Amino acid sequence: MPIRLHYFGHSTFAIDTGAHKLIIDPFLSPNNPLAPVSAEAIVADYILLTHGHGDHCADAAAIAKRTGAMVISNFEVVSWMQQQGAENGHGMNLGGAYSFPFGRVKMTIAHHSSTMPDGSPGGNPAGFLIHFDDGVDLYIAGDTALTYDMKLIGEAGGVDLAILPIGDNFTMGPDDAITAAQFVQAKRVIPCHYNTFPPIKQDAGAFAAELRRAADIEGIVLNPGEEYAL
Ligand code: NI
Ligand code: MN
């Protein structure tokens, strides 16, 4: 069975491996103006959080409490989520990898910040490199600037799919995302973290066209609510 990705706008993706359901950075209706559904509609076994900002973890505790899903993030974010009532957590930190029942997850470097919604420290921001048990390699950059460290992912063999922010202002913009796609040697890219708010308005179709022209890499633009089979 192919891995299915479901996009909810901003940086929120559901991943269904067939056997396991993951939700990445849950930011849903009404918090996320682009999301077609609210947190109550989410079924999840694992909740992966790249960092502590509200536009990535606003709905995480509610989903964790209702479903019992395991929160996977840096140690500080997991500890904070446990204080909010999410009982099941697995703390990690940059450069560390761990084998979960769906695959192996490595926390990668992200150049950004990470404060929890109440101002508590949220550790270091991160991305995730996921090696699914069926062999698919997925890179979720998280909120980050372009960093030369991304080349290490490419040198280690690259990825089947990279989910990269293109919004600019808070993260890298479209031009740097094309360089990031080349650094990590992505076969395909799904752009995220754009059009949610006025400062991050972008033309994702133009990004995909330039990604093809400049780097010969496929860009897949998903509208909120759309699915993609990997
Ligand atoms: Ni952020
Ligand atoms: Mn963000």
Side-chain angles (χ1 to χ4, degrees), residues 5-15 22-39 42 47-63 71-81 84 91-94 105 107-130 138-147 149-150 162-177 180-181 184 189-204 207 221-224:
L5 280 101
H6 194 116
Y7 187 46
F8 293 106
H10 204 58
S11 294
T12 306
F13 290 84
I15 300 174
L22 287 60
I23 183 97
I24 315 297
D25 286 352
F27 179 52
L28 296 153
S29 179
N31 298 313
N32 174 357
L34 300 181
V37 298
S38 66
I42 300 301
I47 302 168
L48 278 68
L49 304 175
T50 58
H51 63 297
H53 289 160
D55 60 314
H56 297 259
C57 63
D59 294 294
I63 295 169
V71 176
I72 300 171
S73 187
N74 73 43
F75 180 82
E76 290 83 355
V77 169
V78 168
S79 300
W80 190 86
M81 286 291 158
Q84 312 303 307
M92 302 179 64
N93 215 324
L94 297 175
V105 176
M107 285 199 100
T108 59
I109 291 167
H111 286 263
H112 191 65
S113 55
S114 178
T115 304
M116 305 310 305
D118 67 356
S120 299
N124 288 309
F128 293 110
L129 191 58
I130 307 177
L138 169 65
Y139 173 54
I140 297 165
D143 280 9
T144 182
L146 173 66
T147 143
D149 298 298
M150 291 171 178
I163 295 176
L164 304 176
I166 65 162
D168 222 339
N169 195 72
F170 300 114
T171 67
M172 57 186 170
D175 291 347
D176 282 350
V184 302
V189 171
I190 295 179
C192 71
H193 211 272
Y194 65 95
N195 286 0
T196 326
F197 313 108
I200 57 173
K201 189 165 172 45
Q202 295 294 340
D203 183 340
F207 164 76
V221 177
L222 298 179
N223 294 310

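Everything quoted here is computed from the prediction, not taken from an experiment. Remember, it's 1-based here, ligands and their atoms both numbered in the order they're listed.
- Taking 2.8 Å as the limit, the number of protein N, O or S atoms around the Mn ion (ligand 2) is 4.
- Nearest heavy atoms, N32 versus F27: ND2-O, 2.8 Å.
- Nearest heavy atoms, V77 versus M116: CG2-SD, 3.8 Å.
- Residues meeting the ring pair (Phe, Tyr, Trp, His ring centres under 6.0 Å) test with F197, sequence neighbours left out: H10.
- The side-chain heavy atoms of L49 and M81, taken from C-beta on, include a pair separated by under 4.5 Å.
- Under the side chain to side chain donor-acceptor pair (under 3.5 Å) test applied with H51, the options T115, N74, D143 reduce to a single match, D143.
- Closest non-hydrogen pair, C57 versus G52, comes out as SG-O, 3.3 Å.
- Among protein atoms, those of element N, O or S found less than 2.8 Å away from the Ni ion (ligand 1) are H51 NE2, H53 ND1, H112 NE2, D143 OD2.
- Evaluation of the ring pair (Phe, Tyr, Trp, His ring centres under 6.0 Å) rule for Y194 yields no partner, not counting sequence neighbours.
- By the 4.5 Å heavy-atom criterion applied to side chains, D55 and H193 are counted as neighbours.
- Remark: the backbone N or O of L28 is paired with a side-chain donor or acceptor of D59 at under 3.5 angstrom.
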